[in-house]
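Sharing a structure here in structure tokens format.
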Protein chains: 2
Amino acid sequence: MAGRLKQAGLKVTAPRIAALGALAGPGHRTAEAVFSAVTSELPKTSLQAVYGVLAALVDAGLARKIDPAGSPALYETRVGDNHHHRICLNCHAVEDVDCAVGESPCLTPSNMDGFAVQLAEVTFWGTCAACQAASTAAASA
Amino acid sequence: MAGRLKQAGLKVTAPRIAALGALAGPGHRTAEAVFSAVTSELPKTSLQAVYGVLAALVDAGLARKIDPAGSPALYETRVGDNHHHRICLNCHAVEDVDCAVGESPCLTPSNMDGFAVQLAEVTFWGTCAACQAASTAAASA
DNA sequence: ACAGTTGTTTTGAATAACTCAAAACAACTG
DNA sequence: CAGTTGTTTTGAGTTATTCAAAACAACTGT
């Protein structure tokens, strides 16, 4: 964990190690969730420090930030692959989606019209399986 | 304008007509921009009313809302086609991008894994032609 | 044209999620 | 171990938006 920070050119500090720990594993966490995880280990850590740490991690390429409309930003440590997200309009659950078609299906023309594309963000909005089940159950009740 | 509202099942009110007028034509407007346009015509209109109007228009399918990370939400009246956006990381300019590949390239599997996709949102982040020109000019100065 | 109903707008306030800045402090360098 | 650079704390502030209650206006049927 510390090594990863060092490699990225970041100073190794306790809040950063704790934040990386909190983000480890699959899934997506809000800044608030990372803050709770970090403070359970390092109670004096401030929320602002967590925002700073997360920004540093994103800058360094150790984390990725996604910012779904209408929800707080989420952070994940799955970086480097061109993967996307699907978000349930009902329960706001976020799940990863691999790029299915071809290699980088979404980055299509990397330069259209003089515009230099650096990142293509794809978000699928819809209804997750659980919420579909719940709503058909409610309808038939 | 009024007919469009009526067709959509909305009551025809002055703020709604003015807001539709403010959104007419190409481009994207913030709620604040719509508010200024509306108040120049109807000075007593409140900002909250504009938010209400915009929400109603989006609900009725007469407008579309996009919510770029780090900027206020934008509204446009180009609806019904599956078009996307490119946003300059530097100047935050937003432009429309037609779906280039195939018919609905981005809606790929409309049902993956039990997840019912209702909308695929694609955003290209990068540097617009103007900002590229400006930055190379600055570099060579 | 008019009263009633339903939905809209005003008014007033509140909130979530961040962001900014200055000072105290801690990691890494040599 | 001293110095430099970058991080974290402390404290405050902001933007974009939402909520709620009351006043009001558009459409419906007569």
Side-chain angles (χ1 to χ4, degrees), chain A residues 1-22 28-39 41-60 62-63 65-75 92 94, chain B residues 1-22 28-60 62-63 65-75 87 92 94:
Chain A
M1 217 107 253
R4 207 126 36 97
L5 289 167
K6 196 154 248 172
Q7 270 195 324
L10 294 175
K11 285 193 179 167
V12 177
T13 69
R16 287 180 176 175
I17 293 171
L20 267 185
H28 312 82
R29 317 276 140 72
T30 60
E32 204 67 45
V34 173
F35 174 63
S36 326
V38 169
T39 47
E41 223 181 295
L42 303 163
K44 357 181 62 175
T45 311
S46 67
L47 179 57
Q48 287 84 330
V50 171
Y51 276 108
V53 165
L54 290 171
L57 294 178
V58 170
D59 259 26
L62 294 177
K65 179 185 186 178
I66 63 176
D67 211 331
S71 309
L74 297 169
Y75 297 85
H92 302 115
V94 177
Chain B
M1 217 106 252
R4 205 121 44 91
L5 289 167
K6 196 154 249 171
Q7 269 195 325
L10 294 175
K11 284 193 181 167
V12 178
T13 68
R16 286 179 176 175
I17 293 171
L20 267 186
H28 313 81
R29 318 275 140 72
T30 60
E32 203 68 44
V34 174
F35 175 62
S36 325
V38 170
T39 46
S40 79
E41 224 181 294
L42 304 163
K44 355 180 66 173
T45 311
S46 68
L47 178 57
Q48 287 85 331
V50 170
Y51 275 106
V53 166
L54 289 171
L57 294 179
V58 169
D59 259 26
L62 295 178
K65 178 185 186 179
I66 63 176
D67 212 330
S71 309
L74 297 169
Y75 297 85
I87 308 183
H92 302 115
V94 178

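So that the names make sense, note that chain A is the first sequence line, chain B the second, and so on, each numbered from 1.
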List every contact pair, protein side and nucleotides 11-15 of chain C side both N or O, where the distance is under 3.5 Å.
| residue | atom | partner | partner atom | Å |
| --- | --- | --- | --- | --- |
| C:dG12 | O6 | B:Q48 | NE2 | 2.8 |

**Message:** Looking at every heavy atom in both A:K11 and A:R16, which two are closest together, and how far apart are they?
**Reply:**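 A:K11 and A:R16 have their closest heavy atoms at O-NH1, 3.0 Å.
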**Straight-line distance of A:H28 NE2 to A:I66 CD1, nearest 0.5 Å** =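 One finds 4.5 Å between NE2 of A:H28 and CD1 of A:I66.
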**Request:** Return the 5'-most residue of the pair B:L74, A:P15 with respect to DNA chain D, ranking by each residue's nearest nucleotide.
**Result:**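 Whichever sits nearer the 5' end wins; that is A:P15.
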**Message:** Applying side chain to side chain contact (heavy atoms under 4.5 Å, CB included), can you list everything that pairs with B:S40, at least two apart in sequence or on another chain?
**Reply:**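 Side chain to side chain contact (heavy atoms under 4.5 Å, CB included) check on B:S40 returns nothing, list empty.
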**Asked** NA contact type, B:A56, heavy-atom cut-off 4.0 Å: base, sugar-phosphate, or nothing?
**Response**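 No contact at all - B:A56 keeps every heavy atom at 4.0 Å or more from the nucleic acid.
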**Message:** If you assign each of A:V53 and B:D67 to its closest nucleotide in DNA chain D, which residue comes earlier from the 5' end?
**Reply:**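 Checking each residue's closest nucleotide, the 5'-ward one belongs to A:V53.
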**Prompt:** Closest to the A:P72 side chain: D:dA16, D:dC27, C:dC18?
**Reply:**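 From the listed options, C:dC18 comes nearest.
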**Prompt:** Rounded to the Å, how far apart are B:H92 NE2 and D:dT15 C1'?
**Reply:**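 Interatomic distance, NE2 of B:H92 to C1' of D:dT15: 14 Å.
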**Asked** What distance separates B:L5 CG from B:L20 CG, expressed to the nearest 0.5 Å?
**Response**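 B:L5 atom CG to B:L20 atom CG measures 5.0 Å (nearest 0.5 Å).
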Under 3.5 Å between N/O atoms: give me all the protein pairs with nucleotides 4-6 of chain D, atom names plus distance.
| residue | atom | partner | partner atom | Å |
| --- | --- | --- | --- | --- |
| D:dT5 | O2 | A:K11 | NZ | 2.8 |
| D:dG6 | O4' | A:K11 | NZ | 3.2 |

**Message:** Could you tell me how far apart A:Y51 (OH) and D:dT10 (C1') are, to the nearest whole angstrom?
**Reply:**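 A:Y51 atom OH is separated from D:dT10 atom C1' by 17 Å.
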**Item:** Minimum heavy-atom distance between A:P68 and A:L74, given as atom pair plus value
**Value:**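 Of all heavy-atom pairs spanning A:P68 and A:L74, the closest is CG-CD1, 4.2 Å.
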Could you list the donor-acceptor pairs under 3.5 angstrom formed between side-chain atoms of residues 41-57 of chain B and any protein atom two or more places apart in sequence or on another chain?
| residue | atom | partner | partner atom | Å |
| --- | --- | --- | --- | --- |
| B:T45 | OG1 | B:L42 | O | 2.8 |
| B:S46 | OG | B:A49 | N | 3.1 |

**Item:** Residues touching DNA chain D, which here means a heavy atom under 4.0 Å, drawn from residues 30-38 of chain B
**Value:**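 Close to the strand, none.
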**Item:** Value in whole Å for how far the C1' atom of D:dT8 lies from CG of A:L57
**Value:**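 The answer, rounded to whole Å, is 14 Å.
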**Asked** Within the side chain of A:R29, is there an N or O that forms a donor-acceptor pair under 3.5 Å with the backbone of A:A22?
**Response**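 Yes, because the side chain of A:R29 sits within donor-acceptor range (under 3.5 Å) of the backbone of A:A22.
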**Item:** Rounded distance in Å - NZ (B:K6) to P (D:dT28)
**Value:**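 Taking NZ of B:K6 and P of D:dT28, I get 7 Å after rounding.
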**Request:** Measure across B:P72 and B:T30 and return the closest heavy-atom pair with its distance rounded to 0.1 Å.
**Result:**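 For B:P72 versus B:T30, the nearest heavy atoms are CG-CG2, 4.1 Å.
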**Asked** Closest heavy-atom contact between A:A60 and A:L10?
**Response**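 Scanning both residues, the minimum pair turns out to be CB-CD1, 3.7 Å.
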**Asked** Who are the side chain to side chain contact (heavy atoms under 4.5 Å, CB included) partners of A:D67, not counting sequence neighbours?
**Response**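 For A:D67, the residues satisfying side chain to side chain contact (heavy atoms under 4.5 Å, CB included) (neighbours in sequence not counted) are A:K65, A:A73, B:A69.
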**Asked** Hey, what bend do you get for the helix from C:dA1-D:dT30 to C:dG30-D:dC1 if you fit axes on five pairs at each end, rounded to 10°?
**Response**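 Computed from the C1' atoms at both ends, the axes differ by 50°.
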**Message:** Rounded to whole Å, how long is the line connecting atom CG of A:L42 with atom C1' of C:dC25?
**Reply:**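 So the two atoms are 15 Å apart, to the nearest Å.
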**Request:** Identify the heavy atoms of A:A8 and A:L62 that sit nearest to each other, and give their distance.
**Result:**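 Closest pair (atom of A:A8, atom of A:L62, distance): CB-CD1, 3.9 Å.
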**Asked** How many Å lie between CG on B:L54 and P on C:dT8, as a whole number?
**Response**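 Atom-to-atom, B:L54 to C:dT8, this comes out as 14 Å.
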